[in-house]
**Q** 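Got a structure here, written out as C-alpha coordinates. Questions coming.
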Amino acid sequence: MQTIKPIRVFLSVVEQGSFAGAARSLRMTPASITRIIAQLEDDLGQQLLLRTTRQVSLTGAGAMVAARYRPVLEEFDRVTEEVTRTTRPDRGRLAINAPMSFGMRLMPGLVASFRLAYPNIALDVQLTDVLVDILDESCDLAIRISDPPGDKSTIWRRICHVPRQVVAAPALFDRIPRPEAPEELPPAQCLSYGHGGAAESWTFTRGSLRRTVRAGTDVVSNNGEFLHAMAVSGNGMVNLPDFLVREGLASGALEVVLPDWQIPPLNLMLYYPPYEKLPPLVETFTDFFEAYIRDVESFDFGPETPPG
(Lines give C-alpha, C1' and ligand atoms only; values in the text may rest on other atoms or scores of the structure.)
Protein backbone atom coordinates (compact mmCIF):
# COMPACT_ATOMS: atom_id res chain seq x y z
CA MET A 1 0.00 0.00 0.00
CA GLN A 2 2.90 2.37 0.72
CA THR A 3 4.07 2.26 -2.92
CA ILE A 4 0.75 3.85 -3.94
CA LYS A 5 1.27 6.85 -1.68
CA PRO A 6 3.87 8.69 -3.83
CA ILE A 7 1.60 8.39 -6.88
CA ARG A 8 -1.37 9.70 -4.88
CA VAL A 9 0.72 12.62 -3.64
CA PHE A 10 2.01 13.39 -7.15
CA LEU A 11 -1.49 13.37 -8.67
CA SER A 12 -2.77 15.55 -5.86
CA VAL A 13 -0.06 18.14 -6.59
CA VAL A 14 -1.09 18.06 -10.25
CA GLU A 15 -4.80 18.46 -9.41
CA GLN A 16 -4.25 21.19 -6.81
CA GLY A 17 -1.62 23.04 -8.85
CA SER A 18 0.66 23.50 -5.85
CA PHE A 19 2.52 21.67 -3.12
CA ALA A 20 0.65 23.67 -0.47
CA GLY A 21 -2.72 22.76 -1.96
CA ALA A 22 -1.80 19.08 -2.05
CA ALA A 23 -0.63 19.29 1.56
CA ARG A 24 -4.00 20.72 2.63
CA SER A 25 -5.93 18.16 0.58
CA LEU A 26 -3.98 15.21 1.95
CA ARG A 27 -3.57 16.68 5.45
CA MET A 28 0.19 16.50 5.23
CA THR A 29 2.95 19.07 5.67
CA PRO A 30 4.40 20.85 2.59
CA ALA A 31 7.82 19.50 3.56
CA SER A 32 6.52 15.93 3.41
CA ILE A 33 4.99 16.57 -0.01
CA THR A 34 8.29 17.98 -1.29
CA ARG A 35 10.28 15.04 0.07
CA ILE A 36 7.90 12.41 -1.43
CA ILE A 37 7.90 14.06 -4.88
CA ALA A 38 11.69 14.29 -4.86
CA GLN A 39 11.98 10.61 -3.97
CA LEU A 40 9.48 9.66 -6.73
CA GLU A 41 11.48 11.63 -9.30
CA ASP A 42 14.67 9.96 -8.10
CA ASP A 43 13.07 6.50 -8.34
CA LEU A 44 11.78 7.14 -11.87
CA GLY A 45 14.93 8.97 -13.00
CA GLN A 46 12.83 11.78 -14.43
CA GLN A 47 11.90 15.31 -13.44
CA LEU A 48 8.10 15.32 -13.22
CA LEU A 49 7.34 18.87 -12.09
CA LEU A 50 8.62 22.36 -12.87
CA ARG A 51 8.51 24.56 -9.77
CA THR A 52 8.40 28.34 -9.81
CA THR A 53 7.49 30.78 -7.08
CA ARG A 54 3.98 31.11 -8.55
CA GLN A 55 3.01 27.70 -9.90
CA VAL A 56 3.81 24.06 -10.46
CA SER A 57 3.58 22.60 -13.96
CA LEU A 58 4.20 19.22 -15.54
CA THR A 59 7.20 18.25 -17.58
CA GLY A 60 6.67 16.01 -20.60
CA ALA A 61 7.60 12.99 -18.48
CA GLY A 62 5.34 14.20 -15.70
CA ALA A 63 2.37 14.51 -18.07
CA MET A 64 2.93 10.93 -19.27
CA VAL A 65 3.23 9.60 -15.70
CA ALA A 66 0.07 11.45 -14.64
CA ALA A 67 -1.89 10.13 -17.64
CA ARG A 68 -0.77 6.54 -17.05
CA TYR A 69 -1.08 6.45 -13.27
CA ARG A 70 -4.40 8.28 -12.83
CA PRO A 71 -6.61 5.42 -14.14
CA VAL A 72 -4.46 2.91 -12.23
CA LEU A 73 -5.06 4.79 -8.98
CA GLU A 74 -8.78 5.15 -9.70
CA GLU A 75 -9.05 1.41 -10.31
CA PHE A 76 -7.03 0.71 -7.16
CA ASP A 77 -9.40 2.87 -5.10
CA ARG A 78 -12.44 1.23 -6.67
CA VAL A 79 -11.22 -2.30 -5.90
CA THR A 80 -10.21 -1.27 -2.39
CA GLU A 81 -13.70 0.10 -1.77
CA GLU A 82 -15.30 -3.10 -3.06
CA VAL A 83 -13.07 -5.27 -0.88
CA THR A 84 -13.80 -3.08 2.13
CA ARG A 85 -17.52 -3.25 1.43
CA THR A 86 -17.52 -7.03 1.33
CA THR A 87 -15.31 -7.59 4.38
CA ARG A 88 -16.30 -4.83 6.81
CA PRO A 89 -19.76 -4.89 8.43
CA ASP A 90 -19.72 -1.21 9.42
CA ARG A 91 -17.98 0.69 6.64
CA GLY A 92 -18.54 1.05 2.89
CA ARG A 93 -21.31 1.86 0.43
CA LEU A 94 -24.58 -0.04 0.00
CA ALA A 95 -26.86 0.20 -3.05
CA ILE A 96 -30.55 -0.44 -2.23
CA ASN A 97 -33.66 -0.51 -4.39
CA ALA A 98 -37.12 -0.12 -2.84
CA PRO A 99 -40.75 0.32 -4.00
CA MET A 100 -41.82 3.94 -4.43
CA SER A 101 -44.62 4.05 -1.82
CA PHE A 102 -42.67 2.05 0.75
CA GLY A 103 -39.64 4.20 0.10
CA MET A 104 -41.48 7.50 0.49
CA ARG A 105 -43.35 6.44 3.64
CA LEU A 106 -40.78 4.38 5.55
CA MET A 107 -37.29 4.69 4.13
CA PRO A 108 -36.52 8.26 5.34
CA GLY A 109 -36.98 7.25 8.98
CA LEU A 110 -35.26 3.91 8.48
CA VAL A 111 -32.27 5.48 6.72
CA ALA A 112 -31.95 8.22 9.34
CA SER A 113 -31.90 5.62 12.13
CA PHE A 114 -29.48 3.41 10.23
CA ARG A 115 -27.09 6.31 9.63
CA LEU A 116 -27.08 7.12 13.34
CA ALA A 117 -26.14 3.53 14.12
CA TYR A 118 -23.67 3.15 11.23
CA PRO A 119 -22.30 6.58 10.24
CA ASN A 120 -19.54 5.06 8.11
CA ILE A 121 -21.93 3.24 5.78
CA ALA A 122 -23.00 5.33 2.78
CA LEU A 123 -26.33 4.47 1.15
CA ASP A 124 -27.47 4.77 -2.46
CA VAL A 125 -31.27 4.38 -2.27
CA GLN A 126 -33.18 4.11 -5.56
CA LEU A 127 -37.00 3.96 -5.63
CA THR A 128 -38.96 2.22 -8.38
CA ASP A 129 -42.20 0.28 -8.60
CA VAL A 130 -40.67 -2.10 -11.14
CA LEU A 131 -38.74 -5.11 -9.86
CA VAL A 132 -35.22 -4.41 -11.07
CA ASP A 133 -32.68 -6.95 -12.21
CA ILE A 134 -30.36 -6.57 -9.24
CA LEU A 135 -27.45 -7.98 -11.22
CA ASP A 136 -27.82 -5.57 -14.14
CA GLU A 137 -28.54 -2.64 -11.80
CA SER A 138 -25.60 -3.47 -9.50
CA CYS A 139 -27.83 -3.47 -6.41
CA ASP A 140 -26.61 -5.03 -3.19
CA LEU A 141 -30.20 -5.78 -2.23
CA ALA A 142 -33.77 -4.91 -3.17
CA ILE A 143 -36.81 -4.46 -0.93
CA ARG A 144 -40.06 -5.77 -2.37
CA ILE A 145 -43.71 -6.26 -1.33
CA SER A 146 -45.05 -9.20 -3.30
CA ASP A 147 -45.67 -12.90 -3.45
CA PRO A 148 -42.59 -15.18 -3.37
CA PRO A 149 -40.57 -14.68 -6.57
CA GLY A 150 -40.48 -17.15 -9.41
CA ASP A 151 -36.91 -16.17 -10.34
CA LYS A 152 -34.67 -18.90 -8.96
CA SER A 153 -31.45 -17.02 -9.80
CA THR A 154 -31.90 -14.60 -6.89
CA ILE A 155 -31.92 -15.12 -3.14
CA TRP A 156 -34.90 -13.81 -1.20
CA ARG A 157 -35.69 -13.52 2.49
CA ARG A 158 -39.19 -13.05 3.79
CA ILE A 159 -39.26 -10.50 6.61
CA CYS A 160 -42.96 -10.40 7.53
CA HIS A 161 -46.52 -10.14 6.24
CA VAL A 162 -47.90 -6.91 4.83
CA PRO A 163 -51.61 -6.64 5.76
CA ARG A 164 -53.79 -4.87 3.22
CA GLN A 165 -57.37 -3.69 2.98
CA VAL A 166 -59.87 -2.45 0.45
CA VAL A 167 -60.68 1.14 1.42
CA ALA A 168 -62.64 4.10 0.12
CA ALA A 169 -63.66 7.58 1.24
CA PRO A 170 -67.05 7.66 3.02
CA ALA A 171 -68.21 10.22 0.44
CA LEU A 172 -67.99 7.59 -2.30
CA PHE A 173 -71.03 5.83 -0.85
CA ASP A 174 -73.09 8.99 -1.11
CA ARG A 175 -72.92 8.38 -4.87
CA ILE A 176 -73.02 4.59 -5.17
CA PRO A 177 -74.65 1.82 -3.10
CA ARG A 178 -72.49 0.42 -0.32
CA PRO A 179 -71.48 -3.18 -1.24
CA GLU A 180 -72.35 -5.92 1.25
CA ALA A 181 -70.41 -8.77 -0.40
CA PRO A 182 -67.41 -9.07 -2.77
CA GLU A 183 -69.60 -9.86 -5.78
CA GLU A 184 -71.40 -6.52 -5.28
CA LEU A 185 -68.23 -4.47 -5.86
CA PRO A 186 -68.70 -2.36 -9.03
CA PRO A 187 -65.58 -2.88 -11.20
CA ALA A 188 -65.70 0.69 -12.53
CA GLN A 189 -65.19 1.97 -8.96
CA CYS A 190 -62.41 -0.52 -8.11
CA LEU A 191 -59.07 1.00 -9.06
CA SER A 192 -56.38 -1.49 -10.06
CA TYR A 193 -52.75 -1.63 -9.01
CA GLY A 194 -50.78 -2.97 -11.96
CA HIS A 195 -49.01 -2.41 -15.23
CA GLY A 196 -50.10 -2.18 -18.82
CA GLY A 197 -53.77 -1.51 -18.10
CA ALA A 198 -54.45 -5.01 -16.73
CA ALA A 199 -57.20 -5.48 -14.14
CA GLU A 200 -56.17 -6.47 -10.63
CA SER A 201 -57.67 -9.52 -8.89
CA TRP A 202 -58.91 -9.05 -5.32
CA THR A 203 -59.31 -12.15 -3.16
CA PHE A 204 -61.49 -11.97 -0.04
CA THR A 205 -61.81 -14.55 2.71
CA ARG A 206 -64.27 -14.98 5.58
CA GLY A 207 -63.90 -18.15 7.58
CA SER A 208 -63.90 -20.98 5.03
CA LEU A 209 -65.37 -18.77 2.30
CA ARG A 210 -63.14 -17.42 -0.44
CA ARG A 211 -64.17 -15.02 -3.21
CA THR A 212 -62.06 -13.53 -6.02
CA VAL A 213 -63.28 -10.56 -8.03
CA ARG A 214 -61.73 -8.52 -10.82
CA ALA A 215 -61.16 -4.83 -10.21
CA GLY A 216 -61.77 -2.43 -13.06
CA THR A 217 -59.57 -1.04 -15.78
CA ASP A 218 -60.99 2.49 -15.79
CA VAL A 219 -58.02 3.55 -13.65
CA VAL A 220 -54.86 1.41 -13.43
CA SER A 221 -51.63 2.58 -11.81
CA ASN A 222 -48.39 1.04 -10.62
CA ASN A 223 -48.07 3.60 -7.81
CA GLY A 224 -49.77 3.13 -4.45
CA GLU A 225 -49.52 6.79 -3.46
CA PHE A 226 -51.49 7.79 -6.54
CA LEU A 227 -54.19 5.20 -5.85
CA HIS A 228 -54.33 6.30 -2.21
CA ALA A 229 -54.88 9.91 -3.27
CA MET A 230 -57.64 8.82 -5.66
CA ALA A 231 -59.40 6.96 -2.86
CA VAL A 232 -59.11 9.83 -0.37
CA SER A 233 -60.67 12.19 -2.91
CA GLY A 234 -63.67 9.88 -3.25
CA ASN A 235 -62.81 8.58 -6.70
CA GLY A 236 -62.94 4.85 -6.09
CA MET A 237 -62.00 1.87 -3.94
CA VAL A 238 -58.43 0.61 -3.68
CA ASN A 239 -56.68 -2.45 -2.28
CA LEU A 240 -53.58 -1.15 -0.49
CA PRO A 241 -51.15 -2.09 2.32
CA ASP A 242 -51.89 -0.95 5.86
CA PHE A 243 -48.83 1.33 5.96
CA LEU A 244 -50.44 3.43 3.22
CA VAL A 245 -53.99 3.60 4.57
CA ARG A 246 -53.49 3.55 8.35
CA GLU A 247 -53.48 7.34 8.77
CA GLY A 248 -56.51 7.80 6.52
CA LEU A 249 -58.47 5.19 8.46
CA ALA A 250 -57.53 6.80 11.79
CA SER A 251 -58.59 10.26 10.63
CA GLY A 252 -61.83 9.11 9.01
CA ALA A 253 -60.70 10.13 5.53
CA LEU A 254 -60.98 6.46 4.58
CA GLU A 255 -63.05 3.51 5.73
CA VAL A 256 -62.72 -0.24 5.22
CA VAL A 257 -64.96 -1.66 2.51
CA LEU A 258 -66.47 -5.05 3.46
CA PRO A 259 -65.06 -5.06 7.02
CA ASP A 260 -66.33 -8.62 7.61
CA TRP A 261 -64.06 -9.92 4.85
CA GLN A 262 -60.25 -10.13 4.89
CA ILE A 263 -57.67 -9.69 2.15
CA PRO A 264 -54.75 -12.17 2.38
CA PRO A 265 -51.51 -10.29 3.06
CA LEU A 266 -48.51 -9.91 0.83
CA ASN A 267 -44.92 -10.46 1.93
CA LEU A 268 -42.23 -7.93 2.72
CA MET A 269 -39.07 -9.46 1.28
CA LEU A 270 -35.45 -8.71 0.66
CA TYR A 271 -33.93 -9.84 -2.64
CA TYR A 272 -30.20 -10.40 -3.08
CA PRO A 273 -27.88 -11.31 -5.94
CA PRO A 274 -26.84 -14.98 -5.80
CA TYR A 275 -24.30 -14.56 -3.00
CA GLU A 276 -22.77 -17.76 -1.63
CA LYS A 277 -22.90 -15.96 1.71
CA LEU A 278 -24.32 -12.52 2.52
CA PRO A 279 -21.52 -9.93 2.57
CA PRO A 280 -21.06 -8.52 6.09
CA LEU A 281 -22.27 -5.06 5.02
CA VAL A 282 -25.45 -6.51 3.48
CA GLU A 283 -26.02 -8.64 6.57
CA THR A 284 -25.66 -5.55 8.77
CA PHE A 285 -28.42 -3.74 6.86
CA THR A 286 -30.62 -6.86 6.75
CA ASP A 287 -30.52 -7.28 10.53
CA PHE A 288 -31.18 -3.59 11.11
CA PHE A 289 -34.01 -3.55 8.58
CA GLU A 290 -35.85 -6.44 10.24
CA ALA A 291 -35.42 -4.93 13.72
CA TYR A 292 -36.72 -1.55 12.51
CA ILE A 293 -39.76 -3.02 10.73
CA ARG A 294 -40.70 -5.00 13.85
CA ASP A 295 -41.46 -1.68 15.56
CA VAL A 296 -43.79 -0.51 12.77
CA GLU A 297 -47.44 -1.29 13.52
CA SER A 298 -48.42 -1.78 9.88
CA PHE A 299 -46.55 -5.08 9.56
CA ASP A 300 -47.37 -8.55 10.86
CA PHE A 301 -44.71 -10.90 12.23
CA GLY A 302 -47.30 -13.53 13.20
CA PRO A 303 -47.58 -17.13 11.93
CA GLU A 304 -47.12 -17.96 8.28
CA THR A 305 -50.12 -17.05 6.15
CA PRO A 306 -50.49 -18.31 2.59
CA PRO A 307 -50.43 -15.46 0.07
CA GLY A 308 -53.60 -14.49 -1.77
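Note: hydrogens, waters and symmetry copies are ignored here, and every other heavy atom, side chains too, is used. FYI, the numbering just counts along the sequence from 1. As the structure is a prediction and not an experimental result, all values here were calculated from the model.
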**Q** Honestly curious: do Leu266 and Val166 fall in one hydrophobic cluster under the side-chain, below-4.5 Å linking rule?
**A** no
**Q** If you draw a 6.0 Å radius around CZ in Phe173, do more than 12 non-hydrogen atoms from other residues or ligands fall strictly inside?
**A** yes
**Q** Just by distance, do the side chain of Arg164 and the backbone of Pro264 share a donor-acceptor pair under 3.5 Å?
**A** yes
**Q** Would you check, one step at a time, whether the test side chain to side chain contact (heavy atoms under 4.5 Å, CB included) holds for Leu73 with Tyr69?
**A** CA-CA 6 Å; Leu73 184 61; Tyr69 272 125; 5.9 Å; no
**Q** So, do Asn239 and Leu227 sit near enough that their side-chain heavy atoms are less than 4.5 Å apart?
**A** no
**Q** What residues form a side-chain contact (heavy atoms from CB on, under 4.5 Å) with Leu209, not counting sequence neighbours?
**A** Arg206, Arg211, Trp261
**Q** Could you report the tightest heavy-atom contact between Arg68 and Val72, atom names first, then the distance?
**A** O-CG2, 3.4 Å
**Q** To the closest 0.5 Å, what do you measure between OG (Ser57) and CG (Leu49)?
**A** 7.5 Å
**Q** Got a donor-acceptor contact below 3.5 angstrom from the Arg175 side chain to the Gly234 backbone?
**A** yes
**Q** Taking the side chain as everything from C-beta on, heavy atoms only, tell me whether Cys160 gets closer than 4.5 Å to Ile293.
**A** yes
**Q** Taking all heavy atoms of Ile7 and all of Leu40, pick out the closest pair and write down the distance.
**A** CD1-CD1, 4.1 Å
**Q** Out of curiosity, Phe301 CZ to His161 NE2, how far, rounded to the nearest 0.5 Å?
**A** 10.5 Å
**Q** Do the charged groups of Arg78 and Glu74 touch, with an N to O distance under 4.0 Å?
**A** no
**Q** Using the test side-chain contact (heavy atoms from CB on, under 4.5 Å), find all partners of Ala231 that sit at least two apart in sequence or belong to another chain.
**A** Val238, Leu254
**Q** Are Val167 and Leu172 connected in a single hydrophobic cluster, I mean Ile/Leu/Val/Met/Phe/Trp/Tyr linked by side-chain heavy atoms less than 4.5 Å apart?
**A** no
**Q** Of the non-hydrogen atoms in Ala61 and Gln46, which two are nearest, and what is the gap between them?
**A** CB-OE1, 3.7 Å
**Q** Quick check: does any side chain N or O of Thr59 sit under 3.5 Å from a backbone N or O of Leu48, one acting as donor and the other as acceptor?
**A** yes
**Q** Using a 4.5 Å cut-off on heavy atoms from C-beta on, say whether the side chain of Phe288 contacts that of Ser113.
**A** yes
**Q** For the hydrophobic clusters of this structure (ILVMFWY residues joined by side-chain heavy atoms under 4.5 Å, transitively), does one cluster hold both Leu58 and Leu44?
**A** yes
**Q** Which heavy atom of Gln165 sits nearest a heavy atom of Asp242, and at what distance?
**A** NE2-OD1, 3.1 Å
**Q** Starting at CG of Leu268, measure out to CD of Glu290 and round the result to the nearest 0.5 Å.
**A** 9.5 Å
**Q** Between Tyr275 and Asp140 (side chain of the first, backbone of the second, donor and acceptor by atom type, cut-off under 3.5 Å), is there such a pair?
**A** yes
**Q** Under the ring pair (Phe, Tyr, Trp, His ring centres under 6.0 Å) definition, can you give me all pairs with a residue in residues 189-246, not counting sequence neighbours?
**A** Phe102-Phe243, Phe243-Phe299
**Q** Minimum heavy-atom separation for Ser201 to Thr212, with atom names?
**A** CB-CG2, 4.2 Å
**Q** Donor-acceptor pair, distance only, cut-off 3.5 Å: does the side chain of Ser192 make one with the backbone of Glu200?
**A** yes
**Q** Please list every donor-acceptor pair under 3.5 Å in which a side-chain atom of residues 8-24 meets a protein atom from a residue at least two apart or in another chain.
**A**
| unit_1 | atom_1 | unit_2 | atom_2 | d |
| --- | --- | --- | --- | --- |
| Arg8 | NH1 | Asp77 | OD2 | 3.2 |
| Arg8 | NH2 | Asp77 | OD1 | 2.8 |
| Ser18 | OG | Gly21 | N | 2.8 |

**Q** Which atom pairs, donor and acceptor, lie under 3.5 Å between side-chain atoms of residues 178-189 and protein residues at least two apart or in another chain?
**A**
| unit_1 | atom_1 | unit_2 | atom_2 | d |
| --- | --- | --- | --- | --- |
| Arg178 | NH1 | Glu255 | OE2 | 2.3 |
| Glu184 | OE1 | Glu180 | N | 2.9 |

**Q** Mind checking whether Ile159 and Met269 have side chains closer than 4.5 Å, heavy atoms only?
**A** no
**Q** Is any NZ, NE, NH1 or NH2 atom of the basic residue among Glu225 and Arg105 found under 4.0 Å from an Asp or Glu carboxylate oxygen of the other?
**A** yes
**Q** Is it possible for you to say whether Ile145 and Phe289 belong to one hydrophobic cluster, with membership spreading through side-chain heavy-atom contacts below 4.5 Å?
**A** yes
**Q** Can you tell me how far apart CG (Asp300) and CZ (Arg294) are? Round to the nearest 0.5 Å.
**A** 10.5 Å
**Q** Is there a path from Leu240 to Leu258 through hydrophobic residues (I, L, V, M, F, W, Y) whose side chains come within less than 4.5 Å of each other?
**A** no
**Q** Can a side-chain donor-acceptor contact be found between Asn235 and Ser233 if the only test is distance below 3.5 angstrom?
**A** yes
**Q** Is there a side-chain contact between Ser221 and Leu191 (heavy atoms, below 4.5 Å)?
**A** no
**Q** Is atom CE of Met104 surrounded by more than 12 heavy atoms (other residues, nucleotides or ligands) closer than 6.0 Å?
**A** no
**Q** Are any non-hydrogen side-chain atoms of Leu110 and Leu106 less than 4.5 angstrom apart?
**A** no
**Q** So, taking the atom named CD in Gln126 and the one named CE in Met100, what distance separates them when rounded to the nearest 0.5 Å?
**A** 10.0 Å
**Q** For residues 31-39, which side-chain donor-acceptor pairs fall under 3.5 Å, sequence neighbours excluded?
**A**
| unit_1 | atom_1 | unit_2 | atom_2 | d |
| --- | --- | --- | --- | --- |
| Ser32 | OG | Thr29 | OG1 | 2.8 |
| Thr34 | OG1 | Pro30 | O | 3.0 |
| Gln39 | NE2 | Asp43 | OD1 | 2.9 |

**Q** Give the minimum heavy-atom separation between Ala168 and Met237, together with the two atoms involved.
**A** CB-CG, 3.5 Å
**Q** As an exercise, state the distance from OG1 of Thr128 to CG of Asn97, rounded to the nearest 0.5 Å.
**A** 6.0 Å
**Q** If you define the side chain from C-beta out and look only at heavy atoms, does anything of Ser146 sit under 4.5 Å from Trp156?
**A** no
